[in-house]
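Here is the structure we will look at, set down as structure tokens.
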Number of protein chains: 2
Amino acid sequence: MSKVVTISEAASIAMHGMIIIARANKVTNVLEIAEATLTSKHHVAKVLQRLVKEGFLTSQRGPTGGFILKKEAKKINLLSIYEAIEGKIEISNCFLDKQICPFSMCFMNNITLDLTVKFKEYMETQTLDKYI
Amino acid sequence: MSKVVTISEAASIAMHGMIIIARANKVTNVLEIAEATLTSKHHVAKVLQRLVKEGFLTSQRGPTGGFILKKEAKKINLLSIYEAIEGKIEISNCFLDKQICPFSMCFMNNITLDLTVKFKEYMETQTLDKYI
DNA sequence: ATAATTTTGGTAATTGAATACACAAATGTA
DNA sequence: TACATTTGTGTATTCAATTACCAAAATTAT
Ligand code: FES
Ligand code: FES
């Protein structure tokens with residue numbers, strides 16, 4: 001079994017976590033998110049830390065500490081969260097990194113590009129307020 | 001920079017290699033394909049062996065040996081080659097392996113499924129004879 | 001002040017893909 | 001027959017990405 005569209009656990013935690021925090025509407029800590037997503041709290045911590053640095057979350061240490069949205073839910077979409085973790089999505093007509101294809105015409109036509117654009121467009125429409 | 005649709009070097013070698021062999025219309029060896037695709041001959045050898053086992057190629061040892069199509073180019077499509085290397089493509093509505101999502105409604109809607117189906121459909125239409 | 005809690009940041013371990021290697025088996029050529 | 005060539009098979013190494021862990025810093029509550 002293989003997958004064409006693969007999303008890393010890190011990106012999954014980021015998106016699920018942001019929705020959980022948006023819904024909670026209060027300071028939420030690593031453990032709560034790790035339990036809800038059934039993932040390692042270590043991994044959750046690392047991902048949330050990244051989201052703090054990228055300006056999506058405000059963190060609060062100590063007891064009662066945790067994370068809370070820095071911007072309005074309406075102004076945060078899934079694409080920006082995804083790209084904060086994975087890096088900007090590359091729009092290219094073929095799948096090879098370097099142009100080392102021996103063929104003059106790519107057998108993937110523009111299917112890779114089409115799918116990537118569709119993915120981006122969808123993700124961009126999905127703002128967090130839709131999930132509250 | 002990240003990619004949504006990723007294809008391993010192994011799958012790339014398989015598809016490019018099959019097209020090269022189909023075009024050559026004669027016994028083609030590992031080295032020729034490695035040079036054409038600018039990849040390691042070891043990796044090419046490993047991939048082609050797999051394609052022999054899966055019934056796509058016939059191999060011939062010794063001097064003047066190499067690989068040649070076992071079936072008509074018209075009857076081989078890119079999907080079957082891809083799946084021979086990567087395993088059958090999984091059609092699922094979400095990207096998570098296990099159903100451990102904490103939400104009742106997946107925020108990916110059916111975008112993952114849609115894209116995967118589109119990919120499969122395209123790959124299935126691409127028979128090798130189109131590239132000769 | 002002290003203790004408990006939680007984030008932070010650096011490091012370690014794991015995984016999987018890609019690559020490299022060695023030797024056996026087969027086959028054509030001289 | 002002897003030799004060179006090429007695939008077949010198994011294993012080993014390398015490499016990068018992902019995931020896991022741990023100790024320090026910060027903060028709240030008692
Ligand atoms: S990369 Fe070779 S055909 Fe697109
Ligand atoms: S996996 Fe959680 S929303 Fe789809």
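Each chain gets a letter, A, B and so on, in the order the sequences are listed, and its residues count up from 1. Keep in mind that what you see is a predicted model, and the values were worked out from it rather than measured.
As a whole-Å value, the separation of B:L48 CG from D:dG8 P is 9 Å. What separates CZ of B:R50 from P of D:dG8 is a distance of 14 Å, to the nearest Å. Nucleotide D:dG8 holds its C1' atom 5 Å from the CZ atom of B:R61, rounded to whole Å. Rounded to an integer number of Å, the gap from CG of A:N29 to P of C:dT6 is 5 Å. Atom CD of B:Q60 and atom P of C:dT29 are 10 Å apart (whole Å). Put simply, CD on B:Q49 is 7 Å from C1' on D:dT9, counting in whole angstrom units. In this entry the distance linking NE2 of B:H43 with C1' of D:dT7 reads 17 Å, nearest Å. Look at CD1 on B:I21: it is 14 Å from C1' on D:dT6, rounded to the nearest Å.
Counted within 6.0 Å of NZ on A:K70, heavy atoms from surrounding residues, nucleotides or ligands total 12 or fewer; the atom is thus considered open.
At least one donor-acceptor pair under 3.5 Å links the side chain of B:S2 to the backbone N or O of A:G87.
Residue contacts for B:A45: at a heavy-atom cut-off of 4.0 Å it reaches no nucleic acid atom on any strand shown.
Using cut-offs of 30° and 60° on the angle between ring planes, the pair A:F103 and B:H16 is tilted.
Distances were taken from every side-chain heavy atom of B:V30 (C-beta onward) to each of C:dT7, C:dA18, D:dT7; the shortest belongs to D:dT7. Checked against D:dA4, C:dT11, C:dT8, the side chain of B:P63 finds its nearest nucleotide in D:dA4. Comparing C:dT7, D:dT19, C:dT29 against the side chain of A:E9 picks out D:dT19 as the nearest. The side chain of B:V52 approaches D:dG8 more closely than any other nucleotide in the set D:dG8, D:dT19, D:dT7. Of all nucleotides listed (C:dA18, C:dG28, D:dT28), C:dG28 comes nearest to the side chain of B:T64.
Residue side chain A:K41 does not reach the base of C:dT8 through any donor-acceptor N/O pair under 3.5 Å, judged by distance alone. The base of D:dT7 does not come close enough to the side chain of B:K53 for any donor and acceptor atom to sit less than 3.5 Å apart.
Take B:Y82 and apply the ring pair (Phe, Tyr, Trp, His ring centres under 6.0 Å) test, not counting sequence neighbours, and it matches B:F119.
In terms of position on DNA chain D, the residue among A:G65 and A:S8 whose nearest nucleotide sits closer to the 5' end is A:S8. Between A:A11 and B:G62, the residue anchored nearer the 5' end of DNA chain D, judged by the nucleotide with its closest heavy atom, is B:G62.
Between D:dG8 and B:S59, a contact under 4.0 Å exists linking OP1 or OP2 to a side-chain N or O.
B:S8 and B:E86 are linked by a side-chain donor-acceptor pair at a separation below 3.5 angstrom, with hydrogens and angles left out of the test.
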